[in-house]
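Here's the structure, in structure tokens; my notes come after.
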Amino acid sequence: MATSVSTRHLSENGALIERHWQELNNRRRLYTWLGLAFLALTLFSSLWFANESNAGKFFDRLPHFFDFVGHLMPRDPIEIVRALFDLPSPYDDGSFKYNYPDGRLYVTESFYIPEYVHKMLETVNIAIFSTIIGVFFGFILCFLAAKNLMPNPWIRGIVRRLMEILRAFPEVVIAGFFLAILSLGPIPAIAAVSIHTIGALGKLFFEVVENADMKPEEGLRAVGANWIERVWFGMVPQVLPNLTSYFLLRLEINVRASTIIGAVGGGGIGELLRLSIGQGHEAKTLAIVLLLFATIFAVDQFSAWLRRRLVGDQAFQLAQ
């Protein structure tokens with residue numbers, strides 16, 4: 001009624017616009033309800049399939065979802081600290097569950113690096129080295145894949161398909177292939193994470209390049225600069241802050257990816273986490289999880305600090 005009253009005072013064009021808006025609004029509501037109904041149907045179907053796949057026990061076990069958290073609680077909270085720093089435990093009964101000092105890495109006769117800290121450093125080293133390799137090759141390939149810098153469709157298409165192939169498979173799948181060839185250790189992990197990083201960062205990088213301002217490149221072209229000079233002096237200064245942001249984000253992702261690959265034999269702390277969970281060592285598991293959280297937090301804070309130093313504080317201030 002209110003709509004008809006307000007429409008009565010509109011001109012013919014205004015009434016036409018009003019009716020068109022009402023049609024669009026009704027259509028949007030219809031699509032919203034259809035989308036919600038499809039989402040509810042998909043969720044119900046997924047839960048039904050999960051229940052059938054577990055012989056009808058999925059819903060029966062659902063109330064016990066957090067029981068695993070209770071099983072992780074150690075008998076003494078200080079045990080987490082002892083496990084993290086390889087300190088002797090008063091509950092040591094000769095089993096692997098409390099053999100914290102056994103994993104020490106002695107640098108001198110009296111100074112040692114705790115086992116988990118050493119393995120975490122190995123995981124971080126895998127992530128850093130892999131990210132550097134990925135950034136190097138992704139940086140080179142992105143300019144060959146950008147439409148505004150590479151007019152040749154054959155070169156551009158080949159480079160883009162290559163990057164798609166490199167990021168087509170998850171790191172853990174690529175690592176499994178290299179583990180079968182190169183045996184266990186950090187080398188297969190570095191190869192797997194580097195390959196996936198090249199494909200992922202290459203795509204992000206060339207999208208940034210395609211959105212850059214072409215006026216500096218056109219000016220350099222007008223004075224006779226070659227392709228490399230136009231890229232280096234006309235494009236790189238513009239896109240470098242965004243490329244740095246993606247590099248730092250990928251470093252955080254690769255720390256987690258290196259941990260997962262370590263669980264399948266790629267070195268680092270991932271294998272120790274898998275073993276501690278499988279053997280029911282509560283203090284060791286929580287110590288590793290705590291160390292992982294602290295490492296990710298430290299990498300995130302370092303990334304924010306480095307980006308602020310590179311871009312400048314003025315980029316993070318609200319416009320007055």
Side-chain angles (χ1 to χ4, degrees), residues 49-50 53-54 68 96-97 99 102-105 113-142 144-145 157-206 246-247 249-281 284-285 287-289 291-293 295-296 299:
F49 178 77
S53 301
N54 287 273
F68 177 72
F96 288 110
K97 190 172 184 178
N99 66 339
D102 187 58
R104 295 175 176 178
L105 177 67
I113 300 175
E115 179 183 17
Y116 296 157
V117 175
H118 169 247
K119 288 297 183 180
M120 191 70 245
L121 290 175
E122 183 178 331
T123 298
V124 173
N125 282 335
I126 292 173
I128 292 175
F129 191 63
S130 303
T131 307
I132 291 175
I133 294 175
V135 167
F136 177 77
F137 288 102
F139 180 81
I140 294 175
L141 294 175
C142 75
L144 300 175
I158 291 173
V159 173
R160 291 192 181 191
R161 301 297 84 77
L162 174 62
M163 290 190 293
E164 289 170 2
I165 294 172
L166 294 179
R167 67 174 183 272
F169 301 98
E171 296 94 332
V172 67
V173 176
I174 305 174
F177 174 77
F178 282 107
L179 285 168
I181 299 175
L182 303 174
S183 186
L184 304 178
I187 300 301
I190 292 174
V193 178
S194 298
I195 288 175
H196 194 275
T197 302
I198 293 172
L201 284 183
K203 175 180 173 55
L204 296 174
F205 284 1
F206 88 71
Y246 284 129
F247 157 67
L249 173 63
R250 191 67 202 185
L251 177 60
E252 298 177 33
I253 296 173
N254 285 347
V255 171
R256 292 186 285 271
S258 301
T259 303
I260 296 173
I261 293 176
V264 296
I269 202 170
E271 183 177 3
L272 297 180
L273 178 61
R274 178 181 61 84
L275 291 174
S276 64
I277 293 176
Q279 295 170 353
H281 297 171
K284 290 183 176 182
T285 301
I288 295 174
V289 171
L291 185 59
L292 278 169
F293 175 78
T295 302
I296 295 297
V299 171

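- With rounding to the nearest 0.5 Å, the separation of OG1 in Thr295 from CD1 in Ile269 is 7.0 Å.
- Scanning for side-chain hydrogen bond (donor to acceptor under 3.5 Å, both in side chains) contacts around Thr197 gives Asn254, with sequence neighbours left out.
- Among residues two or more places apart in sequence or in another chain, the salt bridge (Lys or Arg N to Asp or Glu O under 4.0 Å) test is passed with Glu252 by none.
- Residues that satisfy the side-chain contact (heavy atoms from CB on, under 4.5 Å) test with Phe169, not counting sequence neighbours, are Val173, Ile174.
- The salt bridge (charged side-chain N to carboxylate O under 4.0 Å, His left out) contacts involving residues 171-181 comprise Glu171-Arg250, where partners must be two or more places apart or lie in separate chains.
- Considering all non-hydrogen atoms of both residues, Ala189 and Ser130 come closest at O-OG, 4.3 Å.
- Shown here are the side-chain contact (heavy atoms from CB on, under 4.5 Å) partners of Ala145, two or more places apart in sequence or in another chain: Val159, Arg160, Met163, Phe206.
- For the atom pair Phe139 CZ and Tyr246 OH, the distance stands at 15.5 Å (nearest 0.5 Å).
- Rounding to the nearest 0.5 angstrom, the gap separating the CD1 atom in Ile277 from the CD1 atom in Ile288 is 8.0 Å.
- With sequence neighbours excluded, the residues that form a salt bridge (Lys or Arg N to Asp or Glu O under 4.0 Å) with Arg161 are Glu164.
- When all heavy atoms are compared, the tightest approach of Gly134 to Ile198 is CA-CG1, 3.6 Å.
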Please tabulate, one pair per line, all N/O donor-acceptor pairs under 3.5 Å involving side-chain atoms of residues 115-122, not counting sequence neighbours.
{"residue": "Glu122", "atom": "OE2", "partner": "Gly268", "partner atom": "N", "Å": "3.1"}

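- Of all heavy-atom pairs spanning Gly266 and Ile126, the tightest one is O-CD1, 3.8 Å.
- Legend: residues meeting side-chain contact (heavy atoms from CB on, under 4.5 Å) with Phe96, ordered by chain and number and at least two apart, are Asn99, His281.
- Closest non-hydrogen pair, Thr131 versus Ala127, comes out as OG1-O, 2.5 Å.
- With sequence neighbours left out, the side-chain hydrogen bond (donor to acceptor under 3.5 Å, both in side chains) criterion links Ser276 to Thr285.
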Verify side-chain contact (heavy atoms from CB on, under 4.5 Å) between Leu273 and Leu292, making sure each step is shown before the conclusion. CA-CA 10 Å; Leu273 178 61; Leu292 278 169; 4.1 Å; yes
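- Among all heavy-atom pairs drawn from Gly185 and Pro188, the shortest one is O-CD, 3.2 Å.
- Atom CZ of Phe177 and atom CD1 of Ile195 lie 8.5 Å apart (nearest 0.5 Å).
- Among residues two or more places apart in sequence or in another chain, the salt bridge (Lys or Arg N to Asp or Glu O under 4.0 Å) test is passed with Arg274 by none.
- No donor-acceptor pair closer than 3.5 Å links the side chain of Thr123 to the backbone N or O of Thr259.
- Remark: Phe129 pairs with no residue by the ring-ring contact (aromatic ring centres under 6.0 Å, His included) rule, at least two apart or across chains.
- Contacts of Ile132 classified as side-chain contact (heavy atoms from CB on, under 4.5 Å), with partners at least two apart in sequence or in another chain: Ile128.
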